[in-house]
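All values below come from the heavy atoms of this structure, side chains included, with hydrogens, waters and symmetry mates left out. In what follows, chains are A, B, ... by sequence order, proteins preceding strands, each numbered from 1. These numbers come from a predicted model, not from an experiment.
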There are 2 protein chains.
Amino acid sequence: MATSTPQTAPGGGLRERKKQRTRDALIRAALELFTEQGYEETTVDEIAEAVDVSQRTYFRYFANKEDVAFAVQEMVEARFLDELTARPASEDPLTALRSAVLVAWDDIGSAIASVVPVELHMRTYRMIESTPTLVASHLRRSSELEERIAGLIARREGLDVDADPRPRVLVAAFCGVMRVAGKVWGEGPDCSVESIRELTQSYLDHIQPAIGGDWRSAR
Amino acid sequence: MATSTPQTAPGGGLRERKKQRTRDALIRAALELFTEQGYEETTVDEIAEAVDVSQRTYFRYFANKEDVAFAVQEMVEARFLDELTARPASEDPLTALRSAVLVAWDDIGSAIASVVPVELHMRTYRMIESTPTLVASHLRRSSELEERIAGLIARREGLDVDADPRPRVLVAAFCGVMRVAGKVWGEGPDCSVESIRELTQSYLDHIQPAIGGDWRSAR
DNA sequence: GAGGCTAATGTCAGCGACTGACAATTGACA
DNA sequence: TGTCAATTGTCAGTCGCTGACATTAGCCTC
């Protein structure tokens with residue numbers, strides 16, 4: 001009703017808000033097209049056209065065709081890193097990682113709903129896992145994230161990442177397991193947030209015993 | 001000396017041999033160009049021209065620009081898988097993986113020297129690690145390899161990969177650690193085969209204690 | 001509220017990766 | 001030698017992506 005109450009958060013001027021809106025629109029349009037007709041089958045022109053901007057404009061918002069597919073993931077990751085930093089120093093590293101992940105999954109919904117429906121995000125996740133090109137960049141992004149996580153873990157424990165291999169080793173193992181969980185979930189039938197959260201949790205519970213050794217006895 | 005002793009392995013006709021030669025030439029040319037002027041700075045046309053074939057022909061040998069960079073890796077991986085299958089059933093999974101890797105590294109030289117000089121392969125490895133696009137596909141390829149490894153491990157232990165998460169979990173952790181080792185090696189000064197072999201070994205030695213828990217005491 | 005400043009957008013031309021279609025070449029084999 | 005099929009070259013076209021330049025549209029000052 002008011003002539004122009006600029007909602008809650010949005011920074012300042014109309015310019016900012018407009019930019020934000022085009023960006024969000026591009027994301028929504030892209031994800032919808034990707035999930036409906038497939039990533040490879042969608043051209044950047046289509047995405048741009050759906051939002052009624054030029055192709056050139058798309059490329060001013062996203063460096064390439066892939067990036068738009070990960071825009072939401074990026075928010076989730078930021079959430080995870082925040083949570084990890086906030087974990088009490090008393091927790092051992094593996095527990096801290098585990099807790100941070102689970103907390104992040106818990107309030108993922110509210111965080112991203114402002115940009116895209118959660119359900120669309122879940123479908124996107126699956127679509128990424130089944131598109132070779134996107135799997136590749138997803139993995140690369142994850143490995144960059146890993147590096148940052150290793151840094152955080154090292155700091156928690158008061159270690160030097162380059163001198164002591166344990167932070168990187170632990171994080172590598174941890175993230176590897178996370179990835180497998182995500183992949184298995186993507187192939188399964190249930191695409192709810194709850195199901196991936198539980199699968200994650202169960203897989204993390206297996207990491208220690210799996211590495212521990214005698215599989216035949218401790219079944 | 002002989003008029004045409006077709007070496008040891010090479011299949012049959014001249015046609016086959018010719019194809020093999022063009023393929024090898026393409027690989028060598030590509031790796032040389034990539035390592036000298038950079039991946040992004042090299043065009044497929046340049047590679048084709050260096051071997052004196054058309055661009056179209058290049059794409060009949062390799063599906064895309066990236067694939068040629070991994071042609072040698074592929075041989076190494078095959079070697080690793082063979083070795084893993086051959087490990088005695090008495091070894092526990094982690095030990096089998098560890099041994100297979102180390103054996104593979106040991107006779108890597110003789111295996112690939114027929115296609116490219118080992119030194120070029122090492123430089124390629126580094127070049128891959130420092131080229132975002134290639135890092136991405138490297139990771140994707142690795143994850144496909146992981147799946148196959150998990151299958152092998154599961155068979156060794158008489159398990160079902162889909163029912164029991166432990167094979168995938170272990171392999172994910174293992175491969176994660178391998179990747180970190182490769183990455184760290186790529187950033188270091190020593191690019192010899194020996195150095196990566198030793199780094200690998202040392203990192204693998206850390207995997208159990210790192211996950212085990214109390215980092216502060218067991219230093 | 002007119003006018004200048006600058007950020008955002010559109011347009012256009014062009015490169016490089018990749019593909020399908022068709023023609024030309026060249027081993028293979030009777 | 002001649003036929004058949006595999007390999008290669010040529011050409012045209014699509015799509016991702018970029019630089020350069022013109023155009024539009026918030027923003028800010030007077």
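Ring geometry, B:H206 versus B:Y203: the interplanar angle exceeds 60°, so the pair is classed perpendicular (tilted spans 30 to 60°).
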Could you give me the CA-CA distance, side-chain angles and deciding distance for B:L97 and B:L170, then say whether side-chain contact (heavy atoms from CB on, under 4.5 Å) is met? CA-CA 10 Å; B:L97 287 168; B:L170 171 67; 4.2 Å; yes
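When the local axes at the two ends of the helix from C:dG1-D:dC30 to C:dA30-D:dT1 are compared, using 5 base pairs at each end, they differ in direction by 10° after rounding to 10°.
Counting only distance, with no hydrogens or angles, the side chain of A:S54 and the backbone of A:T57 share a donor-acceptor pair below 3.5 Å.
Sequence neighbours left out, the pairs with a member in residues 125-153 of chain A that pass salt bridge (Lys or Arg N to Asp or Glu O under 4.0 Å) are A:E74-A:R141, A:E77-A:R141, A:R140-A:E144, A:E146-B:R179, A:E147-A:R168, A:E147-B:K183. Contacts classified as salt bridge (Lys or Arg N to Asp or Glu O under 4.0 Å) and involving residues 187-204 of chain B (residues at least two apart or in different chains) are given here: B:D106-B:R197. Listed by first then second residue, pairs satisfying salt bridge (Lys or Arg N to Asp or Glu O under 4.0 Å) with a partner in residues 31-47 of chain A number zero, not counting sequence neighbours. Applying the ring pair (Phe, Tyr, Trp, His ring centres under 6.0 Å) test to pairs two or more places apart or on separate chains, those with a residue in residues 17-39 of chain A are A:F34-A:Y39. For residues 174-196 of chain A, the pairs satisfying ring pair (Phe, Tyr, Trp, His ring centres under 6.0 Å) are A:Y125-A:W185, with sequence neighbours left out.
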Within the 4.0 Å limit for protein heavy atoms, which parts of nucleotides 11-21 of chain D are touched? Write it as a string from 5' to 3', B for base, S for sugar-phosphate only, - for none. ----SSBBBB-
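Residue A:E49 places its CD atom among 12 or fewer non-hydrogen atoms of other residues, nucleotides or ligands, all under 6.0 Å distant. Surrounding CG of B:D52 are at most 12 heavy atoms belonging to other residues, nucleotides or ligands under 6.0 Å away.
Take B:D24 and apply the side-chain hydrogen bond (donor to acceptor under 3.5 Å, both in side chains) test, not counting sequence neighbours, and it matches B:Q20. By the side-chain hydrogen bond (donor to acceptor under 3.5 Å, both in side chains) test, B:T35 pairs with B:R123, sequence neighbours left out.
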Review item, side-chain donor-acceptor pairs of residues 78-87 of chain A, under 3.5 Å, at least two apart:
unit_1, atom_1, unit_2, atom_2, d
A:R79, NE, A:D107, OD1, 3.3
A:R79, NE, A:D107, OD2, 3.4
A:R79, NH2, A:D107, OD2, 3.0
A:E83, OE2, A:R87, NH1, 3.3
A:T85, OG1, A:L81, O, 2.5
A:R87, NE, A:E91, OE1, 3.1
A:R87, NH2, A:E91, OE2, 2.6

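What separates NZ of B:K19 from P of C:dT26 is a distance of 17 Å, to the nearest Å. Between B:D67 atom CG and C:dC18 atom C1' there is a gap of 13 Å when expressed in whole angstrom units. In this structure, the CG atom of B:L26 is 14 Å from the P atom of D:dT7, given to the nearest Å. Computed from coordinates, the A:D52 CG to C:dA8 C1' distance equals 15 Å when rounded to whole Å. The interatomic distance linking B:I47 (CD1) with C:dC18 (P) rounds to 10 Å, in whole Å.
For B:S54, a side-chain nitrogen or oxygen approaches OP1 or OP2 of D:dG9 to under 4.0 Å.
Listed by residue number, there are no residues of residues 132-144 of chain A with a heavy-atom contact under 4.0 Å to DNA chain D.
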Pull out every protein N or O sitting under 3.5 Å from an N or O of nucleotides 25-28 of chain D, one pair per line with the distance.
unit_1, atom_1, unit_2, atom_2, d
D:dG26, OP1, A:K18, NZ, 3.1
D:dG26, O3', A:R15, N, 3.4
D:dC27, OP1, A:L14, N, 3.0
D:dC27, OP1, A:R15, N, 3.0

